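Heads up: the structure comes next, in structure tokens.
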Amino acid sequence: MALPVVSAVKKENNQKPSSLAVTLSTAGLLICIGIPAYRLFTQGQPLSRDLPVGVNMIPQDALFAVSLSTDPKQWQQLRKFGTPETQGELDKNLTQWRDRLQKTFGDRFLTDNGYNFQTDIQPWVGDAVTIAMLAPPSTPNSTEANSGQSMMMVMPIKNIQSAKSILAQPKALKQGQWVDRTYQGITIKQAEGQKDGKISAALIDERFLVIADSPQITERAIDAYKNKVSLANSPGFADNFSKLSSYQPFAQFYVNLPLAARIATSAPNRALPAQVLTQLQNNQGLGGTVTLEPEGMRIKGVSWLNPNSQKVLAVENKAGNMQNRLPGETLMMLSGSNLQRLWGDYVSTSQGNPLSPLPPEQLRQGVKSLTNLDLEQDLLSWMKGEFSVSVIPNITQNENAENFRAGLALMVQVSDRQIAENALQKLDEAMKSQYQFQIQPATVGGKPVINWIAPFGTLTATRGWLDGDVAFFTLGAPVSEKIISQPSTTLASTQPFQQTVPTEINHPNSQFFLDVDKAVNSFSLNTLLPNQKNLLAATRTIGVTTAVNDKHSNRYDIFITLKKNSQ
């Protein structure tokens, strides 16, 4: 077996298959979405121990880097998560991921050349290894942004004599021969005469062994280290990564956001407009750490803007109260600090972007045609406070709710109640005149509300006020009483919420909670992810807390509670 992460997972052949895909898929989702990022405050200057190992040898234009633990105990802990039903799919993901790395590094550098990880590598390798993907420098003849991507691995050394002996007396190659040459005073050992390229290796500062799939990449690693132009020296990298300090992380990752955007849209049928790419250039990086805990997996992350960006972030962290207004049986809650600002941010990043899930102009026109109201002037203009969107199950059904298994509830703290009330009355009139809804005043829990009754008599929606300046709107099942009457058990007081939603960020910008177990058992969910059914079957709850840390960075904290297999 070629790689430490693979060897650690398969330390005992008689163990049941791994649930690694739960971690890999979740970490991958985070990276893709760009979802998402979050961080903790630390004091003082950045410490090298907070950074992924070997980043002072990775060139600044790296597309992606991931550092993985070589500790067998961590991989064995990971194996405890999952369910028997997910094992086949999880093994498939692990095998594909392992084979790709092994093809690049393992078979070509170790296995095919007579090396064994346990006997030849494990005695001297450090606690983690870092793998990076690099895009080639742009040239006039380049036709695609992602042509010729290369990979490199940095392996820290804890026993220099053992590592030196491997390089000093390498085993004979099955094909070709080893050739030594010197670059900037450092010996590079490279394989000549192989069909699939020139694997090369270099011992740097007697602390790190760098392996790359081409000699040119090894030279770039040496340049990055000697000239201090590495990823560790790139603007914002060390300062932001230091805020993610975690004890013995299972993994750390970094994504070059503007470069990733260019590569992701390099195909002609996926190209983004120039103005969208320009907006993406404001972003600089996304970094994160993954740690394993007894009940699941914690992901901390941070994203930061380009230091030359003219865009700045609004520091507005006012969320964190809506969960105290929701009943304990709430299945899902998404809260935020300012709905009007959230819409403005969405417009700025989605304008002219054909890949946006819902173009802003389309939504504006939809609201106008359905209600004759202006989305931004009539509605969002007074939605400047904390808001939440939640799904509340209809535990006690009645004759008016037999077709609704849950209610959708929107709550928002308004900036001007009179303006808000005028707009809502216009909305009532539109529903009455255009769709023949009955607009009926009523009382729920001692408070006045307005019910919208559909032509066939089904209670469709209810709106009203809480505490003077909090407007609420429910759709579907009649769940308004659950939020009007202070629930005896609030969502915030439930054990799943407290154990899942991270609390290290004291003043959040947004929070998210999903009880996956109950949601899957109660409702059929739309398919949004590959192998979604298997992933959800291994997950209990998901919690997210985000904050705008300063004018240039966002931070996130995610915790996923996972089921445990039958080992």
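Heads up: numbering here begins at 1 and tracks the sequence. Being a predicted model, the structure only gives us computed values, none of them experimental.
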- Item | Aromatic plane relationship, Phe241 with Phe237 - under 30° parallel, 30 to 60° tilted, over 60° perpendicular | tilted

- What pairs with Gln486 under side-chain contact (heavy atoms from CB on, under 4.5 Å), at least two apart in sequence or on another chain? Thr490

- Message: Looking only at side-chain N and O atoms, does Thr291 offer a donor or acceptor that is under 3.5 Å from a partner on Ser246?
- Response: no

- Out of Thr462, Asp428, Thr460, which residue meets the side chain to side chain donor-acceptor pair (under 3.5 Å) rule with Trp452? Asp428

- Query: CZ/Arg325 to CD1/Ile484 distance, rounded to the nearest 0.5 angstrom?
  - Reply: 12.0 Å

- Query: Can any side-chain N or O of Gln434 pair as donor or acceptor with the backbone N or O of Leu370 at less than 3.5 Å?
  - Reply: yes

- Note on the structure: For Ile450 and Pro441 the tightest heavy-atom approach is CD1-CA, 4.0 Å

- Query: Taking only residues two or more places apart in sequence or in another chain, which ones pass side-chain hydrogen bond (donor to acceptor under 3.5 Å, both in side chains) with Thr503?
  - Reply: none

- Which pair of heavy atoms, one from Phe472 and one from Ser480, lies closest together, and at what distance? CE1-CB, 3.9 Å

- Query: Could you give the distance from CD1 (Ile560) to CE (Met297), rounded to the nearest 0.5 Å?
  - Reply: 4.0 Å

- Query: So do the side chains of Pro496 and Phe513 get within less than 4.5 Å of each other, counting heavy atoms only?
  - Reply: yes

- Note on the structure: Contacts of Lys318 meeting salt bridge (charged side-chain N to carboxylate O under 4.0 Å, His left out) (sequence neighbours excluded), chain-then-number -> Glu316

- Message: Strictly distance-based, threshold 3.5 Å: is any side-chain N or O of Asn233 a donor or acceptor partner for the main-chain N or O of Ser230?
- Response: yes

- Query: For the side-chain contact (heavy atoms from CB on, under 4.5 Å) test, which of Val449, Asn451, Thr474, Ile483 pairs with Val444?
  - Reply: Val449

- Task: Taking the side chain as every heavy atom from C-beta outward, state whether Phe473 and Leu408 have any atom pair closer than 4.5 Å.
- Result: no

- Partners meeting salt bridge (charged side-chain N to carboxylate O under 4.0 Å, His left out) with Asp378 (sequence neighbours left out): none

- Heavy-atom pair of closest approach, residues Asn394 and Ala477: CB-CB, 3.6 Å

- Should Gln498 and Gln495 be marked as a side-chain contact (heavy atoms from CB on, under 4.5 Å) after you check the CA-CA gap, both sets of side-chain angles, and the distance that decides it? CA-CA 5 Å; Gln498 292 179 352; Gln495 187 178 48; 5.6 Å; no

- Between CG on residue Asn240 and CG on residue Asn554, distance to nearest 0.5 Å: 10.0 Å

- NZ/Lys243 to OG/Ser553 distance, rounded to the nearest 0.5 angstrom? 5.0 Å

- Task: Look only at the side chain of Ser242 and the backbone of Asp239, and say whether a donor-acceptor pair between them is shorter than 3.5 Å.
- Result: yes

- Message: Between Phe559 and Asp557, does the side-chain contact (heavy atoms from CB on, under 4.5 Å) criterion hold? Intermediate values first, please.
- Response: CA-CA 7 Å; Phe559 189 70; Asp557 199 343; 5.6 Å; no

- Rounding to 0.5 Å, atoms CG (Leu491) and CD1 (Ile392) come to a distance of 9.0 Å

- Mind checking whether Leu313 and Asp550 have side chains closer than 4.5 Å, heavy atoms only? no

- Assess the pair Phe253 and Phe64: is the distance between their ring centroids shorter than 6.0 Å? no

- Task: Determine, stepwise, if the pair Ser348 / Asp345 fulfils side chain to side chain donor-acceptor pair (under 3.5 Å).
- Result: CA-CA 5 Å; Ser348 66; Asp345 292 341; 4.9 Å; no

- Polar side-chain atom of Asn338 near backbone of Lys384 as donor-acceptor pair, under 3.5 Å: yes

- Message: I'd like to check the side-chain hydrogen bond (donor to acceptor under 3.5 Å, both in side chains) partners of Asn317; sequence neighbours left out, ordered by chain and number.
- Response: none

- Would you check if Gln284 and Leu305 make a side-chain contact, meaning some heavy-atom pair closer than 4.5 Å? no

- Message: Surrounding NZ of Lys432 (heavy atoms of other residues, nucleotides or ligands, distance under 6.0 Å), is the total greater than 12?
- Response: no

- All heavy atoms of Thr330 vs all of Ser390, minimum pair found to be CG2-CB, 4.0 Å

- Query: Do side-chain atoms of Ser369 reach the backbone of Gln365 as a donor and acceptor pair under 3.5 angstrom?
  - Reply: yes

- Message: Can you pull out every salt bridge (charged side-chain N to carboxylate O under 4.0 Å, His left out) where at least one residue sits in residues 414-424? Sequence neighbours excluded, please.
- Response: Glu421-Arg463

- Query: Would you say the side chain of Pro360 lies within less than 4.5 Å of the side chain of Trp343, judging by non-hydrogen atoms?
  - Reply: yes

- Query: Quick one: do Glu429 and Lys426 make a salt bridge, cutoff under 4.0 Å?
  - Reply: no

- Do Val501 and Val544 pass the side-chain contact (heavy atoms from CB on, under 4.5 Å) test, and can you show the C-alpha distance, the side-chain angles, and the key distance before you say yes or no? CA-CA 6 Å; Val501 178; Val544 181; over 6 Å; no

- Item | Met411 and Leu466: CA distance, side-chain angles, deciding distance, side-chain contact (heavy atoms from CB on, under 4.5 Å) verdict | CA-CA 9 Å; Met411 295 189 291; Leu466 304 172; 3.8 Å; yes

- Residue pair Phe512 / Val389, side-chain heavy-atom distance below 4.5 Å: no

- Query: With a 4.5 Å heavy-atom cut-off, do Asn283 and Trp304 have their side chains touching?
  - Reply: no

- Query: Picking from Thr541, Leu536, Thr561, what satisfies side-chain contact (heavy atoms from CB on, under 4.5 Å) with Val516?
  - Reply: Leu536

- Roughly how far apart are Leu380 CG and Leu342 CG, rounded to 0.5 Å? 9.5 Å

- With salt bridge (Lys or Arg N to Asp or Glu O under 4.0 Å) as the test, would you mind laying out the steps for Asp374 and Lys368 before giving the verdict? CA-CA 6 Å; Asp374 184 284; Lys368 187 70 174 178; 5.5 Å; no

- Item | Residue pair Phe81 / Glu295: nearest heavy atoms and the distance that separates them | CE2-C, 4.0 Å

- Task: Tell me, yes or no, whether the heavy-atom count around Lys551 atom NZ, taken from other residues, nucleotides or ligands under 6.0 Å, exceeds 12.
- Result: no

- Just wondering, more than 12 heavy atoms not from Glu329 lying within 6.0 Å of its CD? yes

- Determine yes or no for a side-chain-to-main-chain donor-acceptor pair under 3.5 angstrom, with Tyr346 supplying the side chain and Arg341 the backbone. no

- Message: Please check: side-chain N/O of Ser303 versus main-chain N/O of Gly285, any donor-acceptor pairing under 3.5 Å?
- Response: no

- Side-chain (Glu386) to main-chain (Gly320) donor-acceptor, under 3.5 angstrom: yes

- Message: Do Leu326 and Pro487 make a side-chain contact, defined as non-hydrogen atoms from C-beta onward lying under 4.5 Å apart?
- Response: no

- Note on the structure: Of all heavy-atom pairs linking Leu331 and Pro393, the shortest is CG-CD, 3.9 Å

